[in-house]
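Order of appearance sets the numbers: ligands from 1, and atoms from 1 within every ligand. Fair warning: this is a prediction, and the values are worked out from it, not measured in the lab.
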Amino acid sequence: MTSKLLRGRTLSFLRWPEAIDDHSAWRYEEDGGLLIDGGKIIAAGPYAEVARKAGAGIGTIDHRPHLILPGFLDAHVHVPQMQIIASYGAELLDWLNKYTFPEESKFQNAQHGRRIARLFLDEMLRQGTTTVVAYCSVHKSSAEAFFAESHERNMLNIAGKVMMDRNAPEGVLDTPQAGYDDSKALIAEWHGKGRQLYAITPRFAITSSPKQMEMAGALCREHPDLHMQTHLSENHAEIAFTQELYPWSRDYTDVYEHYGLLGRKSLFGHCIHLSEREADALSQSGSVAVFCPTSNLFLGSGLFDYQRYRRREKPLRIAAATDVGGGTNYSMLRTMDEGYKVIALNGEKLNPFQSFWQLTRGNAEALSVADKVGTLDEGTDADIVVLDARATPAMRLRMETVETLAEELFLLQTLGDDRAVREVYVAGRPAKSAIAA
Ligand code: GUN
Ligand code: ZN
């Protein structure tokens, strides 16, 4: 009943591509097919073979000559910041105080939360992003709104209500007990409902009292299968203030370590100015450092040293993210374009296969969801993006001289955005074309 067969140029990664000619790291079919049933990919391979398996009577959706990839994942976004993206002229702490906290206080109004959650998820799908790890506001209703909208779209999303009880205006503060109770209630209601996953979300050490940090640690202990997300080592003034607030700590990472917040499902946004000790601690615990290039550039925070973190003796697990609204674009293509430039400023390069690995399987592995999304493997959920490298006149012109798949991917990353996203499937259902313009 819900079966469909997609035809196009399929690309999916098996592992990190060591080099641009490391062909065994990915699977590319010039004339590929994906058989989808019950929201899952049940066969993948050359179109002729998959069509034979599908048998007669299943309609083919022909996406040739476009590329079919796993939907993109965005590992760190702030839903309530849609109306402060593009706010001028401040570094992190001023930007939070001047724009972010006042904006997030509007989410006391549940209707506003529902409207923005709806527009946010529509925007993600327009951009080809099928999974996000999201910060909602401090208000429980903002997380309820997000999960309700996400569930309605049958998206696999990970989100949490922010916990914050100090150093911010009254309208965006909870208390250690209320933060704990609201998180607990949201976990009970939403975690594991359909495709929804809950992330315990203490905003960062500056806006949580030691008591609240203890409560966040308790939640992690009580729910060891849940994600935890926070911010770490983004900006020098932030690091100095954290040191003042937690004078006993060896460094910023030590604060989170002390409260039991490190681990394989722990996602730390930014991680720009880590000492070797901090990087070792993240590595040993299997924690994930989240690379947010457009935000790090926009707020003047610094250059995340992606290749050094990957290659150090104790490597870091890395995810990539927009960090909207500190980030300046909703598109993961635009994000990796800026990421490429940041890595270049560190004297290194990220080749296009590595970039697209990061956007798909790499982020899925970092988020511990690669068994479900991030590849076109049989048995996984049919979250898929269809990309058109000739989407604009300038792209079409440049494509005249493109000869290889690597060049085409690099063009998509460098010039592409939502216009290059022809279609998106969420658990097998067309989602981009279904959004009213
Ligand atoms: N640190 C704490 N909160 C935030 C936020 O909303 N955005 C960014 N970029 N950094 C933060
Ligand atoms: Zn953030």
Side-chain angles (χ1 to χ4, degrees), residues 74-107 116 120 132-139 142-143 146 158-169 171-174 179 199-209 212-213 216 227-242 245 252-253 255-256 261 266-273 288-304 319-330 335 338 342:
D74 182 342
H76 181 130
V77 294
H78 295 266
V79 179
Q81 295 178 9
M82 285 192 92
Q83 289 186 302
I84 52 146
I85 192 171
S87 290
Y88 170 78
E91 284 204 358
L92 175 65
L93 298 180
D94 288 341
W95 176 83
L96 287 171
N97 288 317
K98 189 169 169 189
Y99 301 113
T100 314
F101 295 152
E103 181 65 22
E104 294 196 9
S105 73
K106 294 182 189 162
F107 287 73
I116 298 295
F120 180 87
V132 299
V133 189
Y135 288 67
C136 302
S137 76
V138 72
H139 315 96
S142 80
F146 178 86
I158 305 166
K161 169 213 118 67
V162 154
M163 302 166 76
M164 50 193 294
D165 69 345
R166 65 169 173 180
N167 290 320
V172 287
L173 293 182
D174 56 11
I200 298 158
T201 310
R203 182 175 208 120
F204 67 158
I206 290 177
T207 48
S208 284
S209 64
Q212 181 159 71
M213 295 292 276
H227 289 85
M228 190 290 305
Q229 59 178 343
T230 189
H231 296 83
L232 171 62
S233 199
E234 178 174 2
N235 164 291
H236 291 298
E238 171 210 21
I239 296 167
F241 190 21
T242 304
L245 293 170
Y252 195 165
T253 303
V255 176
Y256 297 130
L261 301 184
S266 297
L267 312 172
F268 292 96
H270 305 284
C271 294
I272 300 169
H273 310 287
V288 175
V290 186
F291 180 29
C292 306
T294 72
S295 168
N296 297 346
L297 291 171
F298 181 71
L299 293 173
S301 302
L303 304 177
F304 181 96
T322 62
D323 190 32
V324 159
T328 52
N329 205 288
Y330 292 95
T335 298
E338 297 301 301
V342 167

inquiry  = Quick check: R203 and ligand 1, any N/O pair under 3.5 Å apart?
reply    = yes
ask   = Which one holds for D323 and ligand 1: side chain close, backbone close, both close, or neither close, with close meaning a heavy atom under 4.0 Å?
value = side chain
Validation row: N167, L245 side chains within 4.5 angstrom (heavy atoms) = yes
Close side-chain approach of V290 to V133, heavy-atom, < 4.5 Å = no
ask   = Looking at L92, which atoms of ligand 1 are within less than 4.0 Å of one of its heavy atoms?
value = 8 (C), 10 (N), 11 (C)
message = Determine whether E238 and Y252 satisfy the following criterion, side chain to side chain donor-acceptor pair (under 3.5 Å), listing intermediate values before the conclusion.
response = CA-CA 9 Å; E238 171 210 21; Y252 195 165; 2.7 Å; yes
inquiry  = Taking 4.0 Å as the limit for heavy-atom contacts, which would you say applies to E238 with ligand 1: side chain only, backbone only, both, or neither?
reply    = neither
message = Can you confirm, on distance only, whether ligand 1 has an N/O atom lying under 3.5 Å from any N/O atom belonging to T100?
response = no
Closest approach of C136 to F146 (non-hydrogen atoms, all atoms of both residues) = SG-CB, 3.7 Å
note = Nearest heavy-atom approach of T294 to T328 is OG1-N, 2.9 Å
request  = Could you tell me whether some N/O pair between E234 and ligand 1 is separated by less than 3.5 angstrom?
outcome  = yes
query = What about H76 and F291, are their ring centers closer than 6.0 Å?
reply = no
request  = Among all protein heavy atoms, pick out the one at the shortest distance from atom 7 (N) of ligand 1; state its residue, atom name and that distance to 0.1 Å.
outcome  = W95 CZ3, 3.5 Å
query = Taking the six-membered ring for Trp, are H270 and F204 ring centroids under 6.0 Å apart?
reply = no
For F204, atoms of ligand 1 separated by under 4.0 Å from a heavy atom = 1 (N), 2 (C)
task = Identify the heavy atoms of P169 and L173 that sit nearest to each other, and give their distance.
result = O-CG, 3.4 Å
request  = Count, excluding waters, the protein N, O or S atoms that are closer to the Zn ion (ligand 2) than 2.8 Å.
outcome  = 4
Closest non-hydrogen atom pair between F298 and G326, with its separation = CD2-O, 3.3 Å
message = With a 4.5 Å cut-off on side-chain heavy atoms, are N296 and E338 touching?
response = no
key: Residue part near ligand 1, for T207, under 4.0 Å between non-hydrogen atoms   = neither
